[in-house]
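Computed from a predicted structure; not experimentally measured. To find a chain, count down the sequence lines: A is the first, B the second, and so on, and within it residues start at 1.
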There are 2 protein chains.
Amino acid sequence: MIGCRAMMLRFGNASLCLCLNRNLIGSWSRIRSESIRSAVGNPRGFKISGRGQLNNKFSCVSKNSSVVTPESTGKGEVDLLTASDDNHRGVIVEINDPMNPKDFVSSLRASILNWRQQGKRGVWLKLPIKSSNLVQPAVEEGFYYHHAEPSYLMLVYWIPATKNTLPVNATHRVGVGAIVMNDRGEVLAVQERSGKLRGSGVWKFPTGVVDQGEDIFAGAVREVKEETGIDVEFVEVLAFRQSHMSFFEKSDLFFICMMRPLSSEIRRQESEIEAAQWMSIKEMAEQPFAQKHELLRYMINVGLAKAEKSYNGFSPRRIKSSFSNRQSYLYLNDKSLDQPSRSDDSSEDS
Amino acid sequence: MIGCRAMMLRFGNASLCLCLNRNLIGSWSRIRSESIRSAVGNPRGFKISGRGQLNNKFSCVSKNSSVVTPESTGKGEVDLLTASDDNHRGVIVEINDPMNPKDFVSSLRASILNWRQQGKRGVWLKLPIKSSNLVQPAVEEGFYYHHAEPSYLMLVYWIPATKNTLPVNATHRVGVGAIVMNDRGEVLAVQERSGKLRGSGVWKFPTGVVDQGEDIFAGAVREVKEETGIDVEFVEVLAFRQSHMSFFEKSDLFFICMMRPLSSEIRRQESEIEAAQWMSIKEMAEQPFAQKHELLRYMINVGLAKAEKSYNGFSPRRIKSSFSNRQSYLYLNDKSLDQPSRSDDSSEDS
């Protein structure tokens, strides 16, 4: 098999033959045994046999998909894990089929040696929740948690001895607060059934959390509709607040949104909303709670300033990425920027 | 023992005696066996014995910390998991000491029955990475992943038959792009060593990702310092972009920040930055890449507009939460808002 040489490594009492492309053999000899031990989680009894030497006794089946390990499996080889490359010299592995922990660990160890040979840095391991049996083995091999969603856990492993430059996990939740003001200067106000203001009788603006993948303006429109039944159109982000440790260790970005009502008849969401009404913004401001709650006071003041046309917030403009066809929204003060649009698309707001 | 009654349940061939406060017994009889089966992950052989009846044969040791299970453990009782309440009628469990999976499952099942009695809804289970042996058992009991950080995995379980209202995980990473303009109208420009523009020769603004718990203005100051050695002060957020699916399923909020340089001598970060220089913003705009990259074009245009004092972005003001002593920052267009500060603190920017 052209370009493929075999190298025998010894894990405890199991041998492992690693396929090496010839142009990698030079770099192999520079890898210290210490770093290999760290790569495989430094298991007990780990020994390297014939390091830097070539051994053709065991033929390689496929350069990039398996290595021969006559003593470690009945079939005489270990499948490497299927991986795709990321943009930062790393690999992404997604386990789609059930595996038993023993086979998984064998494949993982062989794969890490292979990726190390290829100069890979970060290893992303995506384990669906149905493969929760592989979490403990992966952790024991030196992986740690990166993030999780209901259906999967993402673990990571950093191969080189250099500083880990893996990107951080998502750090923020995004919330919206909606100032929905009608032509009479009244705002849409609610009393909530849960949370810190439950039972307090405080009238506040509708608020909510933006869903995964949802645009801020769309989340604000949806939340107002869900809580009060009122149809609204998005006008501007008037301000935003960043706060920390708001949800376990996570931070929060709360966008204060000016909205224009398109309907007037309130149908409140009974499960979440105790009461909803149109009320004068002055009356909302006079509540004792508003006097001491700085954020609500600011919301009222920027809402009033916007209504008096003396305040400019940020409006969304659709823009295209130059790296993909994906579209996103740029929120900016377009009242004070006369930027010609490149296309019709980019001048649409929502 | 006042107020505590025992109820025997049967899990396969193991009995479990549940402590009940008298005022919960009424609600117990309304719980259907189906929902209990779902609460304990519907294990094989699950049977309820004496449901709705009281059985005082087994005395309760402690109303909230253990239940008597003479057949399931050698000691004759199962410790309930220690839990604290959250603000939304749920409980938070943090496993701090090593447990074996069998004891963990016994305690978890008994605890869920107990929380159900108390009308609890969401159960948060925080497993440190050293307790990765409990991930699979928890999943098998019906828990699913909520989020993860390097040192722990958070799982959740929703007890009632009603719709799950658990808050979403963090959905966004927060990035910053820094327009650092000096008195001669030059901007600080870099060429990056990794990412999509590696090796392209494109000059761009310094960018970076905000750390967990870091303020946007602080992240922008830090990134400029790290990449170029230039000290800067934060001026304003000029605009922000929200994009989706930018990092696995996660979204991204990218804040375009105007910065004022406090030093001029560049010392680039060799590991990440290929080159750094002061250059005219016009020259940056004339690069072919800037012509087709809509976001960079907008950055240049809002930066120019800001330099010409024809553009207002959002500046940070420190505000206090009325629920805690924590401080956070509200970013707003304070040029068009004359809001009196409540205290000296709230008028400070950074």
Side-chain angles (χ1 to χ4, degrees), chain A residues 87-88 129 132-133 135-136 139 144-150 153 167-174 194 196 209 211-213 215-216 239-244 247 249-251 253 292-295 298 301-302 305 310-314 319-320 322-323 328-333 336-337 339 342, chain B residues 87-88 129 132-133 135-136 139 144-150 153 167-174 194 196 209 211-213 215-216 239-244 247 249-251 253 292-295 298 301-302 305 310-314 319-320 322-323 328-333 336-337 339 342:
Chain A
N87 280 328
H88 300 273
I129 194 164
S132 66
N133 62 319
V135 175
Q136 184 181 7
V139 169
Y144 61 89
Y145 305 144
H146 187 272
H147 68 273
E149 293 298 319
L153 173 61
V168 297
N169 186 3
T171 49
H172 287 67
R173 281 201 300 171
V174 173
S194 66
K196 290 168 180 158
V209 176
D211 288 335
Q212 180 121 321
D215 283 306
I216 291 164
F240 63 87
R241 183 203 56 180
Q242 185 189 26
S243 57
H244 302 300
F247 172 66
E249 287 82 357
K250 297 300 182 182
S251 300
L253 273 162
K292 67 173 184 151
H293 192 270
E294 213 168 357
L295 181 62
Y298 268 109
N301 287 347
V302 293
S310 65
Y311 187 93
N312 289 330
F314 289 171
I319 64 172
K320 287 198 187 80
S322 58
F323 299 114
S328 56
Y329 283 87
L330 181 71
Y331 293 72
L332 78 173
N333 182 349
S336 61
L337 185 76
Q339 156 110 3
R342 191 179 60 164
Chain B
N87 279 328
H88 300 274
I129 194 164
S132 66
N133 63 320
V135 175
Q136 184 181 6
V139 169
Y144 61 90
Y145 305 144
H146 187 272
H147 67 274
E149 293 298 320
L153 173 62
V168 297
N169 185 3
T171 49
H172 287 66
R173 281 201 300 172
V174 173
S194 65
K196 289 168 180 158
V209 176
D211 289 336
Q212 180 120 322
D215 283 306
I216 291 164
F240 63 86
R241 183 203 56 179
Q242 185 189 26
S243 57
H244 302 299
F247 172 65
E249 286 82 358
K250 296 299 183 183
S251 301
L253 273 162
K292 67 172 184 151
H293 192 269
E294 213 168 356
L295 181 62
Y298 268 109
N301 288 347
V302 293
S310 65
Y311 187 93
N312 289 330
F314 289 171
I319 63 171
K320 287 198 187 79
S322 58
F323 299 113
S328 56
Y329 283 87
L330 181 71
Y331 293 72
L332 78 173
N333 182 349
S336 61
L337 185 77
Q339 157 109 3
R342 192 179 61 164

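Across every non-hydrogen atom of Leu330(B) and Arg241(A), the tightest pair is CD1-CB, 3.9 Å. Pairing each heavy atom of Ala170(A) with each of Lys250(B), the nearest pair is CB-CD, 3.8 Å.
The contact between His88(B) and chain A is made entirely by side chain atoms (from C-beta outward), counting heavy-atom distances below 4.5 Å. Both the backbone and the side chain of Val168(B) come within less than 4.5 Å of a heavy atom in chain A. With a 4.5 Å cut-off on non-hydrogen atoms, His146(A) touches chain B through its backbone and its side chain both. Only the side chain of Val209(B) has a heavy atom closer than 4.5 Å to any heavy atom of chain A.
Between the CG atom of Asp211(B) and the OG1 atom of Thr171(A) there is a distance of 9.0 Å, given to the nearest 0.5 Å.
Asn333(B) places a side-chain N or O within donor-acceptor distance of the main-chain N or O of Asn312(A), the cut-off being under 3.5 Å. A donor-acceptor contact shorter than 3.5 Å links the side chain of Glu294(A) to the backbone of Lys320(B). Panel note: side chain Asn169(A), backbone Glu149(B); no donor-acceptor pair is recorded below 3.5 Å. Here the side chain of Gln242(B) pairs no donor or acceptor atom with the backbone of Ser328(A) at under 3.5 angstrom.
Here His244(A) pairs with nothing under the ring pair (Phe, Tyr, Trp, His ring centres under 6.0 Å) rule; sequence neighbours left out. Shown here are the ring pair (Phe, Tyr, Trp, His ring centres under 6.0 Å) partners of His172(B), two or more places apart in sequence or in another chain: there are none.
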